[in-house]
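Following: one structure in structure tokens, then a few remarks.
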Amino acid sequence: MKTVWRFLSSVKLAIVLFIVLTLASILGTLIPQQWTPAGYQAHYGSLSRVITGIDLDRLYQSAWFIGLLLLFGFNLVVCSLTRLAPKLRKTFGSAWTIDARELASQKMRESFTKRLGLEAFIAAARVELGRRRFRLATKSESGSTLLRARKQTLGLFGSDIVHLGILVILTGGILSGFGKYGSEISISEGQIVPVPSRAVSLRLDKFETEYYPAGAVKAWKSTITVFDGGVPLLTRTISVNHPLSYKGVVFYQSSYGWDWEKPALELRVKKKSDSSFLKTIRLKPGGKAALDDGTVVAAMRFLPDFVIGADNEPATRTWEPKNPAILLEGYRKDVRVFSRWIFAKYPEFVHAGGSDELDLAFELTSYQAPQFSVLQAASDPGAPVIWAGCVILMLGLTFSFYWRPREIKLILEPREGPSVAVSAAGLASKGRERFEEEFASIMAVLRRAS
Amino acid sequence: MNEPVFFLLAFLAYVLSVLTYSGSQLFRRASWARTGFWLAVMGLVVHTLALAARTVQSGHAPFTNMYESISFLAWASALAYVLMESRFRIRRTGPYVMLIVVALMALASSPLMPKEAAPLVPALQSYWLWLHVSVTLLGEAFFAVAFVASLLFLRADARSRKPKGEEGARAAERYDAMSYRAIAVGFPLFTLGGLVFGMIWAYKAWGAYWSWDPKEVWSLITWLVFALYLHTRIVMGWKGRRSAIIAVLGFLAALFTYFGVNYLLTGLHSYA
């Protein structure tokens with residue numbers, strides 16, 4: 001039991017976890033995440049059983065990976081606590097002392113006798129060390145006076161502060177895991193949509209896409225009004241990188257789309273036999289239009305991004321108008337005379353199944369569908385905790401890498417005269433060379449003190 | 001004068017810097033290394049002008065496509081090197097770090113890298129672009145210095161094991177210290193720029209501070225490797241060989257985060 005506990009609280013475990021977490025994370029980037037079981041079956045064959053069996057398909061959400069993270073956090077807590085308490089006591093406790101042997105064992109040390117009263121010497125030391133931003137503590141012990149001067153002491157605790165920051169971040173992660181809320185809201189101009197499981201509704205007042213002169217998208221902007229309890233409260237324009245926060249819910253511009261249910265279509269009709277014949281008809285999918293010669297044209301189906309699917313049936317690949325196509329059927333006295341797909345981007349193309357004897361030629365010249373905006377409503381109780389953890393982490397890193405804890409210990413023994421015998425030593429774990437210079441110049445000042 | 005001219009002049013200064021540095025080692029002329037250092041500084045100054053010109057011309061941060069960001073990484077590496085050099089005065093690392101800088105400049109100017117400044121997609125229009133990318137790349141540049149120092153350490157260390165290896169041992173100790181100091185600068189920068197600023201920006205732009213996107217995961221991996229470096233070194237007292245190997249692996253992870261993820265894996269960061 002004791003050995004188990006010792007292992008759980010050891011730096012060795014921390015190092016093992018660094019390595020295991022690294023390897024697991026790499027694995028998660030090599031195996032595509034969040035596919036369907038069929039996808040893994042097709043790509044990995046018999047290996048897919050292993051992948052789905054030990055959750056490699058959702059590795060970062062799997063129980064074992066989260067377990068590793070929790071073990072990491074636990075190790076961090078135990079590691080820090082067992083080391084921190086003695087360290088705090090040693091640094092800030094009142095039971096400190098300085099003995100002559102300790103000073104004698106330091107490399108950075110000096111001793112001299114100064115013709116000055118004890119009080120006057122202490123006052124001089126206080127001025128010089130204070131000027132250099134050292135913090136002083138004094139103590140009297142068996143006839144001699146002990147003087148301890150320190151600065152940048154926080155540097156000793158840099159790593160502990162870093163660990164605290166990481167624990168806070170892990171806590172934030174747990175809070176996010178349990179309390180995170182997110183919901184996509186597709187909304188058209190003028191529409192009012194309730195935000196799921198919140199007493200808030202949104203109205204989209206305006207949605208616009210801004211373009212650069214060269215044609216690339218510059219911005220998507222949704223002007224939304226937030227309704228709380230049925231009352232319109234505020235109207236703001238949100239865009240990517242500029243979300244709106246209301247009562248802990250943040251609204252993001254997430255995506256956009258077209259409502260292809262009822263696009264307004266425009267067709268140009270020509271006759272091969274009569275070059276003067278030109279007619280424009282406007283209709284919606286499901287609608288019909290009659291031509292002068294008695295033919296009735298019906299728009300059967302519209303697909304924004306036509307593709308022949310795996311089942312050999314027409315389908316749409318995306319919801320963007322990349323390859324708009326309309327299925328037209330023509331009737332004469334209720335008898336179907338033709339049925340063909342017309343492609344906006346390929347007006348010359350005649351579908352292989354269609355008859356080419358037809359006198360009529362169609363072009364899909366316009367297809368307009370109302371655009372809608374996709375907003376994301378999200379709230380994450382872990383986020384503020386994460387930011388606090390990040391601040392603590394960065395403070396800790398600054399303290400541990402850039403604070404140079406320095407300590408000067410002095411033993412002062414009053415002598416006849418009045419004079420004082422001084423022995424001093426400097427202690428620093430980092431940046432010793434610079435400290436040696438500082439120590440020497442402090443000692444020089446103290447030797448000259450009057 | 002415009003950006004391509006400045007870029008070319010910087011490239012030239014870096015190449016000359018490598019040549020004089022190498023010459024100083026080959027022909028044992030210590031004074032040439034000084035020239036090499038000042039050439040690197042000159043290159044850095046002109047390169048800074050190139051980045052500034054690019055920023056003015058495109059109207060956005062000079063690291064939004066591969067050409068720009070490689071050029072910026074070369075600039076950051078030259079800066080990291082000049083800073084480390086002026087503090088540690090180990091001229092021997094000069095030719096190698098500057099060789100990396102030259103290689104990056106060559107890569108940036110290769111015809112494979114489209115150089116047109118494209119207008120920013122909506123997701124990148126944020127001041128976090130400046131903070132996130134520049135601080136991260138600066139951190140990675142210090143990792144590059146640590147990488148070179150660690151490789152040189154491994155070479156010097158191997159030499160020190162042979163008879164009459166005292167000189168190698170002394171050099172090895174200096175490289176080891178330089179590698180640690182570079183990581184001591186790079187690690188906080190990388191943590192701040194890559195992870196902290198990255199999370200803040202992700203939260204502002206995507207609504208989630210962490211999505212286990214490949215680039216995020218590889219940043220975390222890089223961070224874990226350097227955390228391993230620091231723990232094994234400070235707590236377990238590892239120094240020298242094993243430390244150097246971890247530092248080399250850490251830089252390779254950083255490199256993969258930067259290049260590999262873009263070309264080999266897909267994810268949210270696919271524009272950068």
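Chain letters run A, B, ... following the sequence lines, proteins first, then strands; residues in each count from 1.
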Worksheet item: chain A contacts: which residues in residues 175-185 of chain B have a non-hydrogen atom closer than 4.5 Å to it?
Response: Tyr180(B), Arg181(B), Ala184(B), Val185(B)
Worksheet item: Does the side chain of Trp218(B) come within less than 4.5 Å of Ile26(A)'s, by heavy atoms?
Response: yes
Item to complete: Mind listing the closest non-hydrogen atom pair of Pro122(B) and Trp220(A) along with its distance?
Response: CG-CZ3, 3.5 Å
Fill in: Nearest-0.5 Å distance, CD1 of residue Ile246(B) to CD1 of residue Ile19(A)
7.5 Å
Fill in: Spacing of Ser159(A) atom OG and Ile234(B) atom CD1 [to the nearest 0.5 Å]
7.5 Å
Worksheet item: Does the side chain of Trp201(B) reach to within under 4.5 Å of the side chain of Asn241(A), using non-hydrogen atoms?
Response: yes
Worksheet entry | Thr232(B) side chain reached by Phe18(A) side chain, heavy atoms, under 4.5 Å | no
Worksheet item: Heavy-atom distance under 4.5 Å to chain A: side chain of Trp223(B), backbone, both or neither?
Response: side chain
Worksheet item: Side chain, backbone, both or neither: which part of Ser254(A) has a heavy atom under 4.5 Å from chain B?
Response: neither
Fill in: Minimum heavy-atom distance Lys180(A)-Ala208(B), with the two atoms named
NZ-CB, 4.1 Å
Practice prompt. Measure the CG-CG distance between Leu397(A) and Leu192(B) for me, rounded to the nearest 0.5 Å.
Written response: 9.0 Å
Worksheet item: Taking the side chain from Tyr252(A) and the backbone from Tyr203(B), do they hold a donor-acceptor pair closer than 3.5 Å?
Response: yes
Discussion item. Under 6.0 Å between ring centres: does that hold for Trp212(B) and Phe65(A)?
Written reply: yes
Practice prompt. Give the member of Thr191(B), Leu220(B), Val225(B), Thr222(B) that has the highest number of heavy-atom pairs under 4.5 Å with chain A.
Written response: Thr191(B)
Worksheet item: With only heavy atoms counted, which part of Leu195(B) is less than 4.5 Å from chain A, the side chain, the backbone, both or neither?
Response: neither
Item to complete: Measure from the side-chain N and O atoms of Tyr60(A) to the backbone N and O of Val217(B), and report whether any donor-acceptor pair falls under 3.5 Å.
Response: no
Worksheet entry | Sequence neighbours excluded, every pair satisfying side chain to side chain donor-acceptor pair (under 3.5 Å) that has a member inside residues 242-252 of chain B | Arg233(B)-Ser243(B)
Item to complete: Let me know if Gln33(A) has heavy atoms under 4.5 Å from chain B in its side chain, its backbone, both or neither.
Response: neither
Worksheet item: Less than 4.5 Å apart, any side-chain heavy atom of Ser176(A) and any of Tyr209(B)?
Response: yes
Fill in: Met199(B), part contacting chain A, at a heavy-atom distance under 4.5 Å
both
Worksheet entry | Region of Ile166(A) that comes under 4.5 Å of a non-hydrogen atom in chain B | side chain
Practice prompt. Answer yes or no: are there more than 12 heavy-atom neighbours, outside Lys221(A) itself, under 6.0 Å from its atom NZ?
Written response: no
Worksheet item: If you draw a 6.0 Å radius around CZ in Phe7(A), do more than 12 non-hydrogen atoms from other residues or ligands fall strictly inside?
Response: yes
Worksheet item: Quick one: what part of Phe251(A) sits under 4.5 Å from any heavy atom of chain B, side chain, backbone, both or neither?
Response: neither
Less than 3.5 Å apart, which donor and acceptor atoms pair up between the side chains of residues 70-77 of chain A and the rest of the protein, not counting sequence neighbours?
unit_1: Asn75(A); atom_1: ND2; unit_2: Leu8(A); atom_2: O; d: 2.7
unit_1: Asn75(A); atom_1: ND2; unit_2: Ser10(A); atom_2: O; d: 3.1

Worksheet item: Closest heavy-atom contact between Pro119(B) and Ala216(A)?
Response: CG-CB, 4.4 Å
Discussion item. Looking at Lys87(A), I'd like to know if its NZ atom is crowded, meaning that more than 12 non-hydrogen atoms belonging to other residues, nucleotides or ligands lie closer than 6.0 Å.
Written reply: yes
Discussion item. Does atom CZ (Arg404(A)) have a neighbourhood of more than 12 heavy atoms from anything else shown, all under 6.0 Å?
Written reply: yes
Worksheet, complete the sentence: From the list Val391(A), Val250(A), Asp380(A), the residue making the most non-hydrogen contacts under 4.5 Å with chain B is Asp380(A)
Discussion item. With rounding to the nearest 0.5 angstrom, report the CG to OG1 distance, Leu228(B) to Thr22(A).
Written reply: 7.0 Å
Worksheet item: When you look at NZ of Lys239(B), are more than 12 heavy atoms from neighbouring residues, nucleotides or ligands closer to it than 6.0 Å?
Response: no
Worksheet item: Rounded to the nearest 0.5 Å, how far apart are NE2 of His231(B) and SG of Cys79(A)?
Response: 8.0 Å
Practice prompt. Under the salt bridge (charged side-chain N to carboxylate O under 4.0 Å, His left out) rule, collect the residues that match up with Asp57(A), sequence neighbours excluded.
Written response: none
Fill in: Min side-chain heavy-atom separation Gln376(A)-Trp206(B) under 4.5 Å
no
Practice prompt. Verify, without hydrogens or angle tests, whether Gln125(B) (side chain) and Lys218(A) (backbone) share a donor-acceptor contact under 3.5 angstrom.
Written response: yes
Discussion item. Heavy-atom cut-off 4.5 Å, strictly under: side chain, backbone, both or neither for Ile15(A) against chain B?
Written reply: both
Response to the item:
From the list Ala227(B), Ser126(B), Gly207(B), the residue making the most non-hydrogen contacts under 4.5 Å with chain A is Gly207(B)
